[in-house]
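One structure is given here, and the rest of the page talks about it.
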Amino acid sequence: MKGTGLIFGHEMKKILKEKSILFGFIVLPILALLFTVMLSMAKPASDSVSSYNMYFFGVSVDSISIAQMNEKDIYIVSIDENPEDFMKSENFHDEDVLVDYSDPMDVKIYYHESNDISNYLKSSADSFVRETYSEIYKGFYPKISFRNVITRDIRPKEEVNRVIAMLLPYMLILPLTANIANFAGDTIAGDKERGTFYQALLTPVPPLSLIMGKIFAVSLISLASSAIYISCDVLGSRICEALNVQDAFGFAGVHVPPHQFLLILLYAILLCYLFSNLGVLISLFCKDTSHAQIAQIPVTLLCTMAAMLSMFRFGVSPSVHYLIPVYNVCIIFQDILNARVKTTNMLLVAVSFIVLSVAVLIVTLLSYKSEKVRG
Amino acid sequence: MITIEHLKKTFKKNKVEAVKDVSLEVNNGEIFALLGPNGAGKTTTMRMLSSLLIPTDGKIFYDSVPLEQDTVSIRKRIAFLTNEIRLDGQFTPDELADYYGRLYEMKPEDIKKNKKELFDYFGITEFSNRRYETFSTGMKQKTSIAICLLHDPDTIIFDEPTNGLDILTQRLIEQYILKLREEGKCIIISTHILDLVGRLADRVGVIVDGKSVYCGKVEDMASSQGVETIDEAFIKLYEENHEESAIVKK
């Protein structure tokens, strides 16, 4: 792979020297993040319940409305039922919170992290619990200056990740294909347009190194740009959470352990490599960048369609689905996030990707040497 | 030294027989001019010589080594420059020289030395930190030549080296080509400017309709055709060998 590193470095520098590219793929996602957060702040949360409830267990309170939100009353209500059972009942909604006072020095607040109202009530309950401490218990425990309050998101982890598992393939593939169509289109076709193609062909660098250098550069910059998009979404969720506004990003409360993250990254890299290689292959046969970008639209559409189809998948897919390119990565992303991934399916996806990538690379190399490309 | 034997190129795409039968020999320390009208097959021949295109038939030897046998090593020894070749506009000549020098596996000290010599000669040094895309046509051409010659090639292939350049830049490039000849390099120039051939070339090859119809010394070209000047000799060779002209004559 002599020369691959050099070509890779040169391509990266070439991309990073273009201010418009930097703006479009790095600054713009950040601006989009700010814009969406602003929209979230402006848009009130919608819900179907007639009132919001702050349930108290282990302490007697009068059932009264303490405030209003979205033109609905916020009630404080005492319950006698065991908190675990009550939270499973129909009376407890996603918007509600439950304050467990059974141990006054170790109060627990149960809430729904993904629900803005529940989040807001959690913060109110937390303040309420801390403020009432001095009035109720200070006489009994004068040396204690604070009370331990534990907040718990009551959604099961698999449910938290379910929505994002459904959305992630689409959220990843859309920017990825768009980025690759742009960057890969600019590789060989861009070189032809600028007249730099022959200069590269004349160097003693083997075609494989030259092609790989370009593919790696496109892969890295596209992956980085897509990562920025997703990071902005995650950050957006956290900002919405902090501001107590509706989470427009869907990442609230999502928990992705390191091993799941690494697996997702690994498959994202495979996907990125394959797309980039396809992009470079298409670019080979195009005379200029805009032609190459137009020629990539069918690939982008097909990939987006595969990602969309995966969103409507329910249950476990048969093994053969793990051999369908692109779609298989989408469903493996879902399996990873839903913690139901099987080793055999992971291997099927990896093998199918490697076989396909090698095949596309061979076609790219043969095309690169053909007179149709060089003539 | 380059030896070409019965070179042929037919493009599969449109079945055009761009080069039908070209044979010639270029020695070290010699400037060889390849002459021919537009569409004669000069550029296709040059591209085959530089390994950009693979011949349909025939052989190209670099110092008796077939080009297809060791393309990578031979590429390290040749330079090919055409008007179509440009460099990445986002980079400065300095960056481009470093990049191409490393692609040719040159040592950093050799890159530095050759870069200084070429940049000084072509007057690029003071602009070496400016982006290539901001240069004028002449400056771009001079930079392209400097980068092409950076790896100190034995064989230099120029396709229309001075096309579209002002007289001063033309003169600068011509003088450098003569300097390269003195250094013992093997130089091939493709052109249709007959004055340039008279000023620079030692020997000349004429291609008409993809076939080499003359190969000899510049000073013998006119006399071999029984005319006074190179121009007349070229026209005579063209008329005698161009298929359409032959039909008209009949």
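Just so it is clear: chains get the letters A, B, ... in the order the sequence lines come, proteins before strands, and each one is counted from 1.
Ring planes of B/His151 and B/Tyr104: parallel class, angle under 30° (limits at 30 and 60°).
Per-residue counts of heavy-atom pairs under 4.5 Å with chain A were compared for B/Ile147, B/Asp88, B/Leu87; the largest is that of B/Asp88. Taking chain A as the reference chain and counting heavy-atom pairs below 4.5 Å, the highest number among B/Lys12, B/Gln90, B/Glu95 is found for B/Gln90. The candidate from A/Lys369, A/Lys14, A/Lys13 with the greatest count of non-hydrogen atom pairs under 4.5 Å with chain B is A/Lys14.
Residues forming a side chain to side chain contact (heavy atoms under 4.5 Å, CB included) with B/Ile74 (at least two apart in sequence, or on another chain): B/Tyr62, B/Val65, B/Leu67, B/Arg77, B/Ile78. Judged as a side chain to side chain contact (heavy atoms under 4.5 Å, CB included), and not counting sequence neighbours, the contacts of B/Lys20 are B/Glu17, B/Asp209, B/Lys211, B/Glu243.
Looking at B/Ser50, the atoms closer than 4.5 Å to chain A (heavy atoms on both sides) sit in the backbone and in the side chain alike.
Applying the side chain to side chain contact (heavy atoms under 4.5 Å, CB included) test between A/Leu274 and each of A/Ile215, A/Val360, A/Ile269 identifies A/Val360 as the sole match.
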